[in-house]
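This report refers to the structure that appears directly beneath it.
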Amino acid sequence: MKQSPRRVLLSFLLVLSCAALYAKGNAPVKNPQIAIHRAAGKIDIDGRLGDPGWKGAAEVTTFYEVSPGDNVKPPVKTTVWVTY
């Protein structure tokens with residue numbers, strides 16, 4: 001089943017929001033800022049980052065593990081690019 005890009009983006013933003021709330025020892029993050037810009041071109045949701053739309057996308061690399069850890073650095077590096 002193929003999901004719409006809007007639904008995928010909204011799901012990702014929900015996950016990102018939850019991660020931001022639990023960052024820094026359960027203290028709410030005050031004024032988290034990510035400059036998100038409109039995609040520079042077409043993006044195919046296929047796991048490849050070579051599409052023109054990914055150029056200039058915001059890069060997020062700060063994540064915390066909350067289960068099974070307790071706001072600890074995750075064992076695997078994660079990078080997320082955000083655009084609309």
Closest non-hydrogen atom pair, Tyr64 against Asn71: CD2-O, 3.8 Å
Residue list, side chain to side chain contact (heavy atoms under 4.5 Å, CB included) with Thr61, at least two apart or on another chain: Glu59, Thr79
Please report the closest heavy-atom contact between Trp54 and Trp81, naming both atoms and the distance. CZ3-O, 3.6 Å
Which pairs would a plain distance check flag for residues 34-53, meaning a side-chain donor or acceptor within less than 3.5 Å of a matching protein atom at least two apart in sequence or in another chain?
residue	atom	partner	partner atom	Å
Lys42	NZ	Asp44	OD1	3.4
Asp46	OD1	Arg48	N	3.0
Asp51	OD2	Asp44	N	2.9

